[in-house]
Amino acid sequence: MAVRKNFTFSDMDLWLNQRQVTEIECLVPDLTGVARGKILPRTKFTNERGMRMPEAVLGMTVTGNYPANDVAYFRAISQTDRDMVLRPDPSTITMVPWALDPTAQVIHDCYFSDGSLVDFAPRSVLRRVLKLYADKGWAPSVGPELEFYLTARNNDPDLPLRSPIGRSGRAETSRQIYSIDAVNEFDPLFEDIYDFCELMQLDVDTLIHEIGAGQFGIDLLSCEPLAMADNVFFFKRTLREAALKHNMYATFMAKPLANEPGSAMHVHQGVTDSGTGLNLFSTPQGAPSPAFYHYIGGLQRYMPAAMALAAPYVNSYRRIVRHTTAPINVQWGLDNRTVGFRVPESTAQERKVENRVIGADANPYLAFAVTLACGYLGMTEEIAPSAMTVGSAHALDFELPRGLPQALGLLRAEDKLRDVLGERFVDVYAAIKDQEHLEFMTVISPWEREHLLLHV
């Protein structure tokens, strides 16, 4: 979305008047990335300049449940179900393209009653990390490549997903990577997506067909991380709505189909000097700088402990398997897609690092916060990376957690990452993910019934 720097409430009122907006969707991204909030009439929104909502909204599992007996969780979240004060960020105001009446949407920040930011809100976590960069005179930017699947509507969660029917009247049954014709099968949908994004001023770039049957990817043009996280938040919502309009689903689930590759959110990240605008990853002579290597060293050192945020669900770890398009390691290499951290070919001023570990199911605010946090720690601690990997890294040992419980254990034990992200946030987040895993373990899968029922 076009960043409206210094956009005031008066500017926002004028913007709403020009578009004859009658309703406002007041949104808060929760820990899963779901849009929570309220819908207000325009006059109510203008008069109140904000609203209230229970802080427990930010402490729910993806199923809407809460941890019952986690002491650290209840040290952070009030047991009296108190309110947060929500205030709109005028720079995020945009239209809701699929609404029948002129409707706008605006993202809100969450505050305690004393005026301080709610520290376990996803936007607050990212703001916290960005302040660390700003205090150093550094300006990070991110550019995500977001993968997703289109599927036929699925009303029974016990049944596997299927590819949707395209214009030809047939569904994809084979992998059509980079096929233009396969993209054209869904032209009516993608035309709506581009129209919606243009109306919302979302800067989407390349659309491609990915490896999987019915799997696509879209790039968003690099920008400041908070604005980009807002863009991804809006884009996910927009894509799902557009797909429903065309009688199909769009899913960012990391591994929705058993025999197809998973979906990632590859994040290109760079850091410039706030004063000069020069790339900190390059020396004046154009060579890779010490900061560049230290950034990679930080990703290698801390990303395993950050996996609970980059791969936040039990399903996420079905994507992290050997000999697929997902990395299983924290190695790095030049233009090498088999490693966790790829360095694309570029000019000195455009030198960046691509984190290929993050899943499409990750909350963009938390994903950007944690990958930038790892890089920040690498630069401030001057962590040297391993030797660059040449050739395929698929056969190397696993260096990432194999499941959510292991990932949560690493997150809780990594004090330096907890300090950067915020102690209370990590306590709340880990408690919620423990609860989600507990809920998952109460479900008996078809595999268990097929292979264990009569054989053990």
Side-chain angles (χ1 to χ4, degrees), residues 125-145 221-229 265-307 309-310 327 329-337 339-358 366-390 393 399 414-421:
V125 176
L126 181 52
R127 286 185 187 277
R128 178 188 178 102
V129 174
L130 293 178
K131 185 178 186 303
L132 295 175
Y133 275 82
D135 290 345
K136 293 286 187 181
W138 299 340
S141 63
V142 294
E145 301 170 355
L221 298 175
S222 293
C223 71
E224 182 272 327
L226 183 60
M228 180 57 75
M265 180 168 62
H266 300 147
V267 180
H268 294 253
Q269 48 214 282
V271 185
T272 59
D273 183 282
S274 300
T276 65
L278 294 177
N279 192 337
L280 291 182
F281 288 171
S282 297
T283 66
Q285 294 75 34
S289 68
F292 168 76
Y293 290 114
H294 295 153
Y295 194 97
I296 293 173
L299 289 171
Q300 290 186 311
R301 165 66 179 81
Y302 290 105
M303 203 64 207
M307 281 297 288
L309 286 84
N329 56 71
V330 294
Q331 300 304 305
W332 73 281
L334 182 63
D335 199 15
N336 186 339
R337 287 184 170 84
V339 297
F341 311 115
R342 170 178 173 259
V343 179
E345 294 277 6
S346 68
T347 65
Q349 183 58 21
E350 296 298 320
R351 183 172 279 116
K352 293 182 180 180
V353 180
E354 177 191 1
N355 186 335
R356 297 180 60 80
V357 171
I358 301 168
L366 302 181
F368 298 163
V370 80
T371 191
L372 291 173
C374 293
Y376 172 85
L377 288 170
M379 289 194 291
T380 55
E381 297 176 4
E382 299 184 354
I383 299 174
S386 65
M388 184 177 72
T389 296
V390 178
E399 296 175 309
E414 189 49 78
D415 290 340
K416 291 182 179 178
L417 203 56
R418 287 171 64 90
D419 288 343
V420 172
L421 297 174

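This chain uses plain numbering: 1 for the first residue, then up along the sequence.
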Student: Go through the structure and list residues passing salt bridge (Lys or Arg N to Asp or Glu O under 4.0 Å) with Glu382, not counting sequence neighbours.
Tutor: none
Student: The criterion is side-chain hydrogen bond (donor to acceptor under 3.5 Å, both in side chains); which residues satisfy it with Ser282, sequence neighbours excluded?
Tutor: Arg351
Student: Walk me through it: do Leu299 and Trp332 pass the test side chain to side chain contact (heavy atoms under 4.5 Å, CB included)?
Tutor: CA-CA 10 Å; Leu299 289 171; Trp332 73 281; over 6 Å; no
Student: If the condition is ring pair (Phe, Tyr, Trp, His ring centres under 6.0 Å), which residues does Phe292 pass it with, not counting sequence neighbours?
Tutor: Phe281
Student: Taking all heavy atoms of Val370 and all of Met303, pick out the closest pair and write down the distance.
Tutor: CG1-CE, 4.4 Å
Student: I'd like to check the side-chain contact (heavy atoms from CB on, under 4.5 Å) partners of Ala229; sequence neighbours left out, ordered by chain and number.
Tutor: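 Here the qualifying residues are Leu126, Pro364, Tyr365, Phe368.
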Student: What residues form a salt bridge (Lys or Arg N to Asp or Glu O under 4.0 Å) with Lys416, not counting sequence neighbours?
Tutor: Glu381
Student: Could you tell me which non-hydrogen atom of Leu421 sits nearest to which non-hydrogen atom of Ala373, and how far apart they are?
Tutor: CD2-CB, 4.2 Å
Student: Which heavy atom in Asn279 sits nearest to a heavy atom in Ala348, and how many Å separate them?
Tutor: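 Answer, listing the atom of Asn279 first, then Ala348: ND2-O, 3.4 Å.
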Student: For Arg356, enumerate each residue passing the salt bridge (Lys or Arg N to Asp or Glu O under 4.0 Å) test, keeping only those at least two apart in sequence or located in another chain.
Tutor: Glu354
Student: Please report the shortest heavy-atom distance between Lys136 and Thr380, naming the atom on each side.
Tutor: CE-CG2, 3.9 Å
Student: Listed by chain and number, what are the side-chain contact (heavy atoms from CB on, under 4.5 Å) partners of Asp335, not counting sequence neighbours?
Tutor: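 For Asp335, the residues satisfying side-chain contact (heavy atoms from CB on, under 4.5 Å) (neighbours in sequence not counted) are Arg337, Arg342, Glu345.
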Student: Any side-chain heavy-atom pair from Leu226 and Glu224 closer than 4.5 angstrom?
Tutor: yes
Student: Can you list every salt bridge (charged side-chain N to carboxylate O under 4.0 Å, His left out) pair that touches residues 267-280, not counting sequence neighbours?
Tutor: none
Student: Who are the side-chain contact (heavy atoms from CB on, under 4.5 Å) partners of Thr389, not counting sequence neighbours?
Tutor: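 In terms of side-chain contact (heavy atoms from CB on, under 4.5 Å), with neighbours along the sequence ignored, Thr389 is linked to Gln331, Asn336, Val339, Ala393.
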Student: Applying side-chain contact (heavy atoms from CB on, under 4.5 Å), name anything that partners Ser274, two or more places apart in sequence or on another chain.
Tutor: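 Expected list: Ala139.
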Student: Checking Tyr376 now: which residues fulfil ring pair (Phe, Tyr, Trp, His ring centres under 6.0 Å) with it, not counting sequence neighbours?
Tutor: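 Result, ring pair (Phe, Tyr, Trp, His ring centres under 6.0 Å) vs Tyr376: Tyr133.
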Student: For residues 289-306, which residue pairs pass the salt bridge (charged side-chain N to carboxylate O under 4.0 Å, His left out) check, not counting sequence neighbours?
Tutor: Arg301-Glu414
Student: Tell me the closest heavy-atom pair linking Gly277 and Gln349, and the distance in Å.
Tutor: O-NE2, 3.0 Å
